[in-house]
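This report concerns only the one structure given below.
In this text the structure is predicted, and so the values were computed from the model without any measurement.
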Amino acid sequence: MDFLDGLNEPQRQAVEYIEGPLMIIAGAGSGKTRVLTYRTAYLIQNGVDPFSILLLTFTNKAAGEMRHRIETVIGGQAKNIWMGTFHSVFAKILRFEGGKLGYTSNFSIYDTDDSKSLIRALVKEQNLDDKVYKVNLVLNRISNAKNRLISPEQYLASSIVEQEDRYAKIPMMGTLYKSYCLRCFQANAMDFDDLLYQTNILFRDHLDVLNKYQHKFKHVMVDEFQDTNVSQYLITKKLAAVNRNICVVGDDAQSIYAFRGADIQNILNFERDYSDLKTIKLEENYRSTKAIVAVANSIIARNKSQLKKDVFTSNEEGEQIEIIRAGSDNDEGRIIASTIFEARQKDGLKWSDFAILYRTNAQSRSFEESLRRLNINYRIIGGLSFYQRKEIKDVLAYLRFVVNQNDEEAFKRIINLPKRGIGDTSIAKISVTAAEHKVSVWEVVSHINQYPGARGGASIENFADLIKSFKLLVEVEQKDAYEVASHVAKASGLVRELYEDKTVEGLARYQNVQELLNAIKQFVDSEENEDKSLSTFLQSVSLLTNADTNEDPNDRDKVTLMTVHSAKGLEFKNVFLVGLEEDLFPSQMMLQSQADLEEERRLFYVAITRAEKKLMISYAESRYQFGRLKSCEPSRFLDELDSTYLKMAKTSGKKEISSFRPVQKTGFVEKSTSPSAAQLIQKPQQNTNYQHVPSSDFKQTDALQLKEGQRVEHQKFGFGSIKKLEINGAERKAHIVFEKGIGEKVLLLSFAKLMVIE
DNA sequence: GGTCGTATATTTTTT
DNA sequence: ATATACGACC
């Protein structure tokens, strides 16, 4: 098989080892996708039926690309391989088999917004305080439980969990979890976690089904194995139990999804589950220069929990990593936009050779502005995706409700949209009536006259008739997704409302809806899709990833802007890693434990290893947030990088600092009271023991008012004492040991707001 | 009962 | 900046 010629020894081994459990540890840039593609092609050439290969990827796009690459090696058979994300593959299986669990094949998929809205409603119904039972917290706990396969009953029965929740002052958490699951079930809906959780239940309780798929899938392969959670792992393990042909590919150093349940232990413990496991390490990096690999290794080496690995490269030494220091986020945008502009000219590159990577989506703003100003083409991946826009979700909610009248969240969204005079009170009456008679909301709405408690008059009847007419199209006339959707969009009045809105935003919204209809048309016209029904379309839409939106092949030459998370698996000649500021990257939200710090470090590692030739890292000294400018300190990660490969590239002025208004979230704890008493005084008082040291008081030549050993308070980090002061020209840094468990921090004194305690 | 305007809280990453 | 909550007004 001549396609194997270009492979190095471990790669070739990995491709040819096709019987029994195999784990491939693939360092960054080591040709992982290549191995996986060739391995699959190799399997098929050795007589394995493509229908019996299950290849689970991280995004739908990765699946599509891999399918394409396999096709170029072995041809048309590639389209018969079962490939896709865990969520999409098992959603498909649940559509066939979900009846055994009490779901119909039309079940809705609740996105995060739907889940949140349901939780909000439940918290209200159960008279709980929404300041204590915060939606995100509750959703997180539910999601964690599901990902660890803890049922509501088990949750309620566990004394450990109960203690935890009592300690966290959310004792009703278990009840909430239970009612959340019940309501989802009644709505014939699954949330993202359910797609995996219910698959596990299905395989646990229906051995005939499990057996069927165990024999169907003779080879199971999992890409990005480091980012699977327990629930996903158990599914693959069960599926592979008969044939034992399981192959997982991953890199523990690139595990960056712990926040959604990914468990690095999966990869660290894999050997325990398969005693006859073969492990192959791919350690040669073909992507990046020596300098980039060295800097990446220097950061990841600090992590304790990891598999031993020695990533090296035979590539050229390459340029040093440039550190760019900007005055503000706008400044950062300007510097980077002009650097891109010049580098393209000088090095003869394309726009698409550049990527700007950031930690949070909100950071894209300043780069967009500066890129636009220089007429640089760019595209943004992620953020508010097309399918999350209000107008799109509105149309989709109609469609969802037409397919599944139990879908409560869709119902809530459309019942008074466009405004038809059915307000909160009427809706509440309807749901109370429904609960009283133990029937669905739709039952009440569609037979409103039979339920005297919820008389709502003509508008409710009209709504019911409208939905009934839509149902007719789907169920009786068997119209395809496009015909139904375009009719619904018009007849519901949504399109008319948008059309009448002549503002710029209104026009954009109108076009977005047209765009949605186009997408549905494409779905219907595509030969790959055999099932052109509305419910199939809805299912595929709700599982789309940010990376999945297909771009216009005609103008591909664009600078890419995205989060580090969505950059996983990609590579670019020149990478700008921006916003390297303390609390932003590493993220303040994230840092609660050593494990969290290590995950942020892995994220940093992922970002660095995206770069082939040139890496530039920037930070801003102040940044807009909630419309305010706040001060920032450079990230501790910069200190962790191997400094022999670094150079300070650009230092900007502080043009915008004149409008500086620090964000003061809290007041200050009065010194006489103990900090734990948390008696917050709204404003710092003049006659306290604090001395405010504002940045403007520091001048180049001034002796600092600060001394080593002195106790200070920082507006964000609390109390601390100064360990060391460093004065190098304009750089004035203070190493401060903070008391509240955040440890030592290095603050740039030109920006740190410190209160000196006398 | 519905809608409009004002006050308030929110800060992460994604299937 | 933006989304939600609540109170005043229609």
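In this structure, the aromatic ring of A:Phe259 is positioned over the six-membered ring of the base of B:dT13, centres within 5.5 Å and planes within 30°.
Counting only heavy atoms from C-beta on, A:Arg120 has its side chain closest to C:dA5 among C:dA5, B:dT12, B:dT3. The side chain of A:Lys134 sits closest to B:dT10 out of B:dT12, B:dT14, B:dT10. When distances run from any side-chain atom of A:Arg359 to the nucleotides B:dT14, B:dT12, B:dT3, the shortest one goes to B:dT12.
As judged by a 4.0 angstrom heavy-atom cut-off over every strand, A:Phe86 is placed among residues making no nucleic acid contact. The residue A:Thr112 sits close to a base: some heavy atom pair falls under 4.0 Å.
Residues satisfying the side chain to side chain contact (heavy atoms under 4.5 Å, CB included) test with A:Thr360, not counting sequence neighbours, are A:Ala362, A:Gln363, A:Leu584. In this structure A:Ile201 satisfies the side chain to side chain contact (heavy atoms under 4.5 Å, CB included) test together with A:Leu101, A:Tyr197, A:Gln198, A:Arg204, A:Asp205, sequence neighbours excluded.
In this model, the phosphate group of B:dT14 is approached by a side-chain N or O of A:Thr563 to a distance below 4.0 Å at OP1 or OP2.
The side chain to side chain donor-acceptor pair (under 3.5 Å) test with A:Ser231 is passed by exactly one of A:Asn200, A:Thr199, A:Asp193: A:Asn200.
Comparing A:Asn136 and A:Asn416 by the nucleotide of DNA chain B whose heavy atom lies nearest to each, the residue mapping closer to the 5' end is A:Asn416.
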Could you go through the salt bridge (charged side-chain N to carboxylate O under 4.0 Å, His left out) check for A:Arg400 and A:Glu409 one step at a time?
CA-CA 10 Å; A:Arg400 268 166 59 182; A:Glu409 294 307 315; over 6 Å; no
